[in-house]
Amino acid sequence: MKGASAGIPAVSSTKSSKVKKMDRLENSLKESSRDLSFAKFKSGGVVAIVLVIVFGLLNSLFEGKVVAKLPFSPIPFIQRMSHRGLLGDDPTDCAMVFLYFLCSVSIRSNLQKILGFAPPRNTAGPGLFSMPETKSR
């Protein structure tokens, strides 16, 4: 009986040490995740402040000036955005605000891909529709 009782504490001690190790790892992961979130928040705040300053500067420099000619006449909703702050009735005139918006939307994703900041496509999840399973033969 002595040998059997001696084996039980050894098994429970290894289980408790594994549990303690898992708890420490989980706490470390939580702290690292919190630190990463805080760093992302700070850098996002700095980027937002810079973009607001740049937008204000560009808006004051190009206020009331046509900065581009659109090759099409946009629909009324888009036309209100593209013609904001401009005098005249030409629907193909484009204000700085609309051009800034178009550039930021189109360039941001490409710039993230080029610089390597965009997440890989396969980590985004299945999206709205999942891929059909293929049958292996």
Check for me, please, whether [X] and [Y] land in the same ILVMFWY cluster - side-chain distances under 4.5 Å, paths through other members count.
X   : Y   : result
L86 : I78 : no
L61 : L51 : yes
V52 : M96 : no
I75 : M81 : yes

Given side chains that start at C-beta, do those of [X] and [Y] come closer than 4.5 Å, heavy atoms only?
X   : Y   : result
L57 : F62 : no
S32 : L36 : no
V66 : C94 : no
V97 : F55 : yes
E26 : D23 : yes
V50 : I53 : no
D90 : K69 : yes
F72 : T92 : no

Between [X] (side chain) and [Y] (backbone), is there a donor-acceptor pair under 3.5 Å?
X   : Y   : value
S33 : L29 : no
H83 : D89 : no
S28 : R24 : no

Inset, instruction - Please say whether more than 12 non-hydrogen atoms of neighbouring residues, nucleotides or ligands are located less than 6.0 Å from CZ in F41. - result: no
Legend entry - Neighbour count >12 (heavy atoms, 6.0 Å) for atom NZ, K18: no
Inset, instruction - Please report the closest heavy-atom contact between P91 and Q79, naming both atoms and the distance. - result: CB-NE2, 3.2 Å
